[in-house]
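Note: hydrogens, waters and symmetry copies are ignored here, and every other heavy atom, side chains too, is used. Note that ligands are numbered from 1 as they come in the structure, with each ligand's atoms numbered from 1 the same way.
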Amino acid sequence: MAKELDSLKQYLVDARERKYALGGFCFWNYAYGMSIAQVAQKLNLPMLYIIGDAEVKFFGGLKNAAAAARTVAENVDVPVILHADHFKDYDEICRAIDAGFKSVMIDASAYPLEENIERTAKVVEYAHKYGVSVEGELGRIAGSEQHLSLTEAEAMQTDPDEAAYFVEKTGVDILALSIGTVHGEYRFPPNINIPRLVKISEKVSIPLVMHGGSGTPEDKVAEAVEHGITKLNLATDLVKTVGKATAKVQQQPGFGYSVANLYAPAYVDLANYAEHKMRLLAKNIL
Ligand code: 13P
C-alpha cells in the first residue's frame with residue numbers, strides 16, 4: 001500500500017523546542033529526491049521537500065509530484081513531507097491537499113496586513129480539517145533581481161508586533177519571516193537581521209522559517225536557528241550543483257552519454273551538499 005506523506009507542524013514544533021532546523025529542499029524529480037532522502041535516512045531526520053509553481057509544472061501537475069514523493073516515502077524509513085511552497089491561490093491549495101499534500105504555504109504577503117490575515121485564515125480553516133499544516137508569510141522576501149536601497153529592504157522586513165497579531169488572528173502553524181535573506185543568488189553579501197529575529201521570537205512561539213537559504217552565510221544561519229528558525233528553504237544552490245556537475249562530467253576524457261553517466265555525479269554532489277546543510281541545521285541534536 002502506498003505510504004502517505006506526513007504533515008510538517010509536529011516536526012517543526014519539536015525543532016523549535018530543541019533548537020534545530022530542517023532544510024526544505026526543492027523537489028523536482030524522484031531520482032534527485034531519493035539522493036537527498038538517503039541522507040535524511042542516514043541522519044534519522046524527516047525528509048522535507050518544498051515545491052513551488054515552477055516545479056509543479058515541471059512534474060506535470062500536483063498529483064505527479066505527490067506520487068513521486070510517496071514513492072520516496074516507500075523507499076526510506078523516515079517521514080517524508082511534501083510542502084507546497086509560496087502557493088498564492090486558495091483553489092490551488094485545495095487541489096494540492098486533494099492530491100495528498102499534508103503541508104502547504106499560503107503566501108499572501110503582497111497584500112496589506114488585514115487582507116493577508118483574511119486569505120491566510122481561510123486556508124487555515126480548510127487545511128486544518130484535513131490535518132494539513134499551514135505556513136503563512138509576513139513581510140516581503142525580495143528576489144535578488146530587485147534593486148532596493150537598504151531602507152527599502154528593511155521596510156519590507158517582518159514587524160515583531162504585527163507577527164504576533166498575524167499568528168493570533170490566522171491560527172497559522174508556521175511563520176515565514178523576512179529578515180534580510182533574498183530568493184536566488186545574492187548580488188551583495190546579505191545583512192541578516194538577527195536582532196529583529198530575536199524580537200519576533202520573543203513574541204511568537206510557533207516555528208519560524210527562513211526563505212532564501214542559498215548563499216546565506218552559515219554562521220548567520222546557525223545563529224538564526226538558536227533564535228527560533230526551524231526550516232531553511234533551499235533551491236538555487238541545488239540547481240547550481242546539478243548544473244555544475246553535469247557540465248563538468250561531460251568534459252572528462254572518455255565521457256559517454258547515458259542518463260546515469262550524466263546525472264550520477266550530480267546526485268552525489270547533491271547528497272554531499274544536503275548532508276552538509278542538514279548537519280549544520282540540526283547540529284544541536286545530531
Ligand atoms: P533560494 O533559491 O535562495 O535557496 O531560496 C529558496 C526559497 O526560499 C524557496 O521558498
Side-chain angles (χ1 to χ4, degrees), residues 8 12 21-28 32-33 36 47-59 62 65 69 81-89 92-93 96 101 103-110 116 120 123 133-146 148 153 156-158 172-193 197 207-218 220-222 224-225 229-244 266 269-270 272-278 280-281:
L8 179 58
L12 296 193
L22 300 178
F25 293 89
C26 185
F27 187 52
W28 65 80
Y32 140 72
I36 297 192
M47 179 64 243
L48 170 57
Y49 297 121
I50 59 171
I51 183 163
D53 266 354
E55 295 79 29
V56 170
K57 280 201 190 91
F58 186 67
F59 259 111
L62 291 160
I81 301 131
L82 180 62
H83 175 80
D85 189 42
H86 288 292
F87 276 37
K88 297 191 168 66
D89 179 56
E92 183 72 352
I93 289 176
F101 284 60
S103 189
V104 295
M105 175 182 193
I106 163 72
D107 177 1
S109 62
N116 186 354
T120 304
V123 168
S133 316
V134 182
E135 174 181 339
E137 177 172 322
L138 187 66
R140 303 291 311 281
I141 299 159
S144 60
E145 74 288 357
Q146 287 176 266
L148 298 171
M156 290 167 69
Q157 293 186 0
T158 311
V172 82
D173 304 299
I174 301 157
L175 182 65
L177 306 178
S178 167
I179 51 169
T181 57
V182 304
H183 288 123
E185 293 192 279
Y186 288 102
R187 289 179 301 116
F188 307 103
N191 189 0
I192 310 302
N193 199 336
L197 170 62
L208 305 173
V209 175
M210 185 186 257
H211 284 245
S214 298
T216 302
E218 295 196 336
K220 292 292 170 195
V221 169
V225 172
I229 292 295
T230 59
K231 169 159 88 79
L232 180 74
N233 282 7
L234 297 160
T236 305
D237 273 355
L238 305 171
V239 183
K240 278 169 69 179
T241 300
V242 174
K244 280 185 194 160
D269 289 357
L270 278 169
N272 289 335
Y273 174 86
E275 180 160 354
H276 173 76
K277 289 295 179 194
M278 285 181 191
L280 168 80
L281 295 169

Using a 4.0 Å cut-off to any heavy atom of His211, which atoms of ligand 1 qualify? 8 (O), 10 (O)
Does the side chain of Leu270 come within less than 4.5 Å of Phe25's, by heavy atoms? no
The single option from Thr158, Leu177, Val172 that satisfies side chain to side chain contact (heavy atoms under 4.5 Å, CB included) with Leu138 is Thr158
Backbone N/O of Leu234 and side chain of Ser214: donor-acceptor pair under 3.5 Å: no
Can you list the atoms of ligand 1 that are under 4.0 Å from a heavy atom of Leu234? 4 (O)
Have a look at Ser214, Gly184, Gly52, Cys26 and point out the one with the heavy atom closest to atom 4 (O) of ligand 1. Ser214
Below 4.0 Å from ligand 1: does a non-hydrogen atom of Asp85 turn up there or not? yes
Tell me the contacting part of Thr236 for ligand 1: side chain, backbone, both, or neither, using a 4.0 Å heavy-atom threshold, strictly below. both
Is a side-chain donor or acceptor of Asn191 paired with a backbone partner of Gly180 at a separation under 3.5 angstrom? no
Does at least one non-hydrogen atom of Val182 fall below 4.0 angstrom from an atom of ligand 1? yes
Less than 4.5 Å apart, side chain to side chain, heavy atoms only: is that true for His86 and Asp53? no
Where does Glu185 meet ligand 1, judged by heavy-atom distances below 4.0 Å: at the side chain, the backbone, both, or neither? neither
Would you indicate whether the side-chain heavy atoms of His211 and Met105 approach each other to under 4.5 Å? yes
Nearest protein heavy-atom contact for atom 7 (C) of ligand 1: which residue, which atom, what distance? His183 CD2, 3.3 Å
Glu218 side chain to His276 side chain, donor-acceptor N/O pair below 3.5 angstrom: yes
Thr230 side chain to Leu208 backbone, donor-acceptor under 3.5 Å: yes
Which segment of Ile141 sits under 4.0 Å of ligand 1 when only heavy atoms are counted: neither
Closest by any non-hydrogen atom to atom 8 (O) of ligand 1: pick that one out of Gly24, Gly212, Gly23. Gly212
Is the shortest side-chain heavy-atom distance between Val182 and Arg187 below 4.5 Å? no
Gly213 neighbourhood, listing ligand 1 atoms whose heavy-atom distance to it stays under 4.0 Å: 3 (O), 4 (O), 5 (O)
Any idea which atoms of ligand 1 are less than 4.0 Å away from a heavy-atom of Ala235? 1 (P), 2 (O), 4 (O), 6 (C)
Numbered atoms of ligand 1 (with element) below 4.0 Å of His86, judged on heavy atoms: 10 (O)
